[in-house]
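So the structure is just underneath, and the comments pick up after that.
Treat the numbers as computed from the prediction; the structure is a model and nothing was measured.
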Amino acid sequence: MKKLGTTSLSLALALGLSTLPVMLHAAPNATSPVATTTAAPVTAAGKVSGPQVKKEQVAVTDESTVNINTATAEEFAKVMNGVGMKKAQAIISYREELGQFTDVEQLREVPGIGAALFERNKDRLKL
């Protein structure tokens with residue numbers, strides 16, 4: 001009889017905990033800046049037209065741009081998406097060996113900076 005009670009308790013606990021990830025996943029993240037939904041508007045005919053999704057645009061400001069001729073490795077790593085300290089130091093080393101950049105496109109010549117990484121960050125770069 002005692003074993004039956006332990007088994008029942010274990011089963012109830014397992015079932016209760018197994019739904020926890022589902023509940024957490026279903027709950028909306030209130031701090032998500034990417035997309036928000038609003039209540040669905042009702043048309044004149046009384047039909048619901050569906051949820052409206054607003055996507056917020058992230059504007060590139062002077063604080064999120066980096067001068068490739070004067071920036072430190074820390075600044076490169078902070079501003080550029082996908083660039084850590086190792087790639088940032090590669091940019092600094094390239095600049096020290098070959099001199100200042102004359103065009104932002106020259107950043108593609110740095111080892112480790114490919115076309116995709118450059119395209120992702122080109123709006124954050126300036127001379």
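Screening residues 108-120 for side chain to side chain donor-acceptor pair (under 3.5 Å) gives Y94-E109, R108-E119, E119-K122 as the qualifying pairs, with residues at least two apart or on separate chains. Sorted by first then second residue, the side chain to side chain donor-acceptor pair (under 3.5 Å) pairs that include residues 78-92, not counting sequence neighbours, number zero.
Taken together through direct or relayed side-chain contacts under 4.5 Å among Ile, Leu, Val, Met, Phe, Trp and Tyr, M85 and I92 form parts of separate hydrophobic clusters.
To the nearest 0.5 Å, the span separating CD1 on I113 from CZ on F118 amounts to 10.0 Å.
Judged purely by atom type and a 3.5 angstrom limit, N69 has no side-chain atom pairing as donor or acceptor with the backbone of L127.
Side-chain contact check for N67 versus F101: every heavy-atom pair is 4.5 Å or farther apart.
Nearest heavy-atom pair, E75 versus T70, reported as atom, atom and distance to 0.1 Å: OE1-O, 4.2 Å. Here the closest non-hydrogen pair linking M80 and I91 is SD-CD1, 4.3 Å. The two atoms that bring I68 and L125 nearest to each other are CG2-CD2, 3.8 Å, heavy atoms only. Counting all heavy atoms, side chain and backbone alike, A88 lies closest to A77 at CB-N, 4.1 Å. Smallest separation of non-hydrogen atoms from P111 and A90: O-CB, 4.0 Å.
Side-chain atoms of Q106 and T102 include a donor-acceptor pair closer than 3.5 Å.
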Stepwise side-chain contact (heavy atoms from CB on, under 4.5 Å) test for V83 and L117: CA-CA 8 Å; V83 174; L117 183 62; 3.9 Å; yes
